[in-house]
Amino acid sequence: MAERVAVTDKVDYLILKYLIEKRERFEYVPQSILKDSLALTEREIQISLLRLTKTGAITKRRVRGEDSFSITFTGLDIVATKSLYSKGVIKSLGITIGEGKESRVMFGYDRGDNTVAVKYHRVGRKSFKKRISDFSSKNWVSMTLENARREYEALQCVKNNMGYVPTPIAFTTNAVAMEYFEGLPLYRVELNDPEKVLNSILGTMRIAYVYCRGLTHGDLSQFNVIVNGDEEVRVIDWPQATRDDDVLVEDLSRILSYFEKEYSLERDLEEVLDYVKGYS
C-alpha cells in the first residue's frame, strides 16, 4: 500500500477523488468526461489512467464504445492514506495486522513514531453482514464510506464517555485511524479474573446504550474483544453498531453464553439487560 501511495501523483489523486465524488451518478466514468471535467491534456489523462490501472486503483470497462473507469478498494485506500498523511495523522504505514472480508487493518506510525492502527473499510456486494437496505445508498463506494463513518462515530461516542474501546484518532474516506491496543482476542486468552473482564465489557455496552442514544455493538462476541496481559479490555469492530433492542439482546446473550461456557460464570440475562439499559 505504501508503495502504491508513493507512485500516485497529483493528477492521479484528482482522478481518484473525482471518481469518488461522482459515484452516485456514474458506476464507470467515461474517459472524455474525466479529461474535460478535470481540464487535463490528452497526454496527462492517458499516463495517469495507465498508472492507476497498473497499481489496481481503478478498473476499466468499455461503456457505449468508450473506455470508462471506476475506483477500486485499493483506490479508496490510496485516497484515505494520502488524506491521513496530509492531516498529520500518520507519516508512514507498516505491515497488515488483520484482514477480513469487510476490512483491512495496518500498522501506522505518527509524527512521533507512535504506533496506531489504520482500518480500511471494504464493503463488498456479497461480503457484508448487514442488509443492503440498512444503507442510505446502494452504491458500494457510498456504503464503504458510510461504514467507516459509522464506526468512527460509535467509537468516538463510547470513548468520550469512558467506555473500553480503542481511542479514535481520525476518519477520512474509508479509513479510521485509532489507538493500537496490544493484546489477544478474548477467545485466545485464559483469564485469571473473568468476572472483571465481563464487567468491563458490560460496562462498555451500558455506556454505549445510555450515553449514545441506545447504541449497541451489533456483533459482540469473544472475537471482537481484545484483552492484554493486565486483563484490560477493548471492544473492537463497531461498523455494524445499531440502535435496535433486539440486537442488544443478541449481543448480550452471545457474550454471556461464552463466559458461562468457558468460565461457568452465570448472569441473568434480564438483570444484565436492565443494567445495560441503565435501569439498575
Side-chain angles (χ1 to χ4, degrees), residues 1-31 33-35 37-40 44-61 68-96 98-100 102-111 116-125 127-128 135-137 139-153 168-178 239:
M1 173 55 61
E3 292 174 355
R4 289 171 176 172
V5 173
V7 300
T8 305
D9 70 8
K10 182 178 179 180
V11 174
D12 301 344
Y13 186 64
L14 286 175
I15 290 174
L16 292 176
K17 290 280 288 183
Y18 186 86
L19 293 176
I20 294 173
E21 290 167 4
K22 302 301 178 182
R23 63 188 181 274
E24 297 290 349
R25 183 180 175 191
F26 297 99
E27 182 178 5
Y28 282 80
V29 179
Q31 181 171 319
I33 291 179
L34 280 170
K35 176 178 175 292
S37 298
L38 297 174
L40 300 174
E44 285 175 328
I45 193 74
Q46 291 284 358
I47 292 174
S48 187
L49 291 174
L50 179 61
R51 181 164 49 236
L52 289 170
T53 301
K54 284 185 175 181
T55 60
I58 60 174
T59 183
K60 180 172 72 172
R61 177 186 293 179
S68 302
F69 300 86
S70 179
I71 197 166
T72 65
F73 285 130
T74 296
L76 290 179
D77 294 351
I78 289 171
V79 172
T81 302
K82 278 188 168 289
S83 179
L84 289 174
Y85 179 82
S86 66
K87 292 177 179 180
V89 177
I90 61 171
K91 72 170 185 179
S92 62
L93 284 175
I95 62 171
T96 298
E99 190 161 9
E102 298 152 17
S103 65
R104 180 185 187 189
V105 184
M106 301 184 70
F107 277 130
Y109 304 96
D110 65 17
R111 300 294 168 87
V116 300
V118 182
K119 182 175 182 179
Y120 297 95
H121 288 253
R122 299 181 162 206
V123 179
R125 292 180 177 84
S127 68
F128 196 55
F135 290 89
S136 57
S137 170
N139 176 277
W140 71 267
V141 176
S142 294
M143 288 192 290
T144 296
L145 305 190
E146 185 177 343
N147 210 49
R149 177 187 57 78
R150 284 183 181 184
E151 178 162 46
Y152 179 76
E153 290 178 352
I169 300 169
F171 152 67
T172 180
T173 319
N174 66 322
V176 179
M178 66 189 83

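Just the heavy atoms: all of them, side chains too, but no hydrogens, waters or symmetry mates, feed the values below.
Within a 6.0 Å radius of CZ in Arg25, other residues, nucleotides and ligands contribute 12 heavy atoms or fewer. Counting non-hydrogen atoms of neighbouring residues, nucleotides and ligands closer than 6.0 angstrom, the NZ atom of Lys60 reaches no more than 12 such neighbours. Dense packing is recorded around OH of Tyr18, with more than 12 heavy atoms of other residues, nucleotides or ligands lying under 6.0 Å away.
For the residue pair Lys119 and Pro239, the shortest heavy atom distance occurs at NZ-CD, 4.0 Å. Of all non-hydrogen atoms in Leu84 and Ala177, the two that sit nearest each other are CD2-CB, 4.4 Å. Taking all atoms of both residues into account, the shortest heavy-atom contact from Ala148 to Ala175 is CB-N, 4.2 Å.
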Discussion item. If you apply the rule side-chain contact (heavy atoms from CB on, under 4.5 Å), what do you find for Arg122 with Asp77, and how did you get there?
Written reply: CA-CA 9 Å; Arg122 299 181 162 206; Asp77 294 351; 2.4 Å; yes
Practice prompt. Applying side-chain contact (heavy atoms from CB on, under 4.5 Å), run through Leu16 and Lys82 and close with a yes or a no.
Written response: CA-CA 11 Å; Leu16 292 176; Lys82 278 188 168 289; over 6 Å; no
Item to complete: For the pair Gln46 and Gln31, evaluate side-chain contact (heavy atoms from CB on, under 4.5 Å) and give the outcome as yes or no after the intermediate values.
Response: CA-CA 9 Å; Gln46 291 284 358; Gln31 181 171 319; 3.4 Å; yes
Worksheet item: Where do Ile47 and Val11 land on the side-chain contact (heavy atoms from CB on, under 4.5 Å) test, with the steps shown first?
Response: CA-CA 10 Å; Ile47 292 174; Val11 174; over 6 Å; no
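Each of Arg150, Glu102, Glu151 was checked for a side chain to side chain donor-acceptor pair (under 3.5 Å) with His121, and the lone residue meeting it is Glu151. Each of Ile169, Thr172, Val116 was checked for a side chain to side chain contact (heavy atoms under 4.5 Å, CB included) with Val89, and the lone residue meeting it is Ile169.
Here the side chains of Val79 and Thr8 are not in contact, with every heavy-atom distance at 4.5 Å or above. Residues Phe69 and Phe26 form no side-chain contact, since every pair of their non-hydrogen atoms from C-beta on lies 4.5 Å or further apart.
Of the possible donor and acceptor atoms, none in the side chain of Thr96 sits under 3.5 Å from a partner among the backbone N and O of Met106. Between the side chain of Thr72 and the backbone N or O of Thr74, at least one donor-acceptor pair lies under 3.5 Å. Between the side chain of Ser70 and the backbone N or O of Glu27, at least one donor-acceptor pair lies under 3.5 Å. At least one donor-acceptor pair under 3.5 Å links the side chain of Thr144 to the backbone N or O of Val123. Using modelled atom types, no side-chain atom of Lys87 and backbone atom of Ala170 make a donor-acceptor pair closer than 3.5 Å. For Ser86 (side chain) and Ser83 (main-chain N/O), a donor-acceptor pair under 3.5 Å exists by modelled atom type. A side-chain donor-acceptor contact under 3.5 Å links Ser37 to the backbone of Ile33.
In this pair, Phe171 and Tyr152 present their aromatic rings parallel. The plane angle is below 30°, not in the 30 to 60° band.
The OG1 atom of Thr81 lies 10.5 Å from the CG atom of Leu76; values are rounded to the nearest 0.5 Å. The distance from atom CG of Leu52 to atom OH of Tyr13, rounded to the nearest 0.5 Å, is 13.0 Å. One finds the CG atom of Asn147 at 10.0 Å from the CG atom of Asn174 (value rounded to the nearest 0.5 Å). For the atom pair CG (Leu40) and CG (Leu34), the distance works out to 8.0 Å, reported to the nearest 0.5 Å. Rounded to the nearest 0.5 Å, atoms CD1 (Ile58) and OH (Tyr28) are 10.0 Å apart. The OG atom of Ser92 sits 12.0 Å away from the CZ atom of Phe107 when rounded to the nearest 0.5 Å.
Sorted by first and then second residue, the salt bridge (charged side-chain N to carboxylate O under 4.0 Å, His left out) pairs involving residues 13-22 (not counting sequence neighbours) form an empty list. Sorted by first then second residue, the salt bridge (charged side-chain N to carboxylate O under 4.0 Å, His left out) pairs that include residues 47-58, not counting sequence neighbours, are Asp9-Arg51, Asp12-Arg51.
In terms of the side-chain contact (heavy atoms from CB on, under 4.5 Å) criterion, residue partners of Glu153 (sequence neighbours excluded) are, by chain and number, Arg149.
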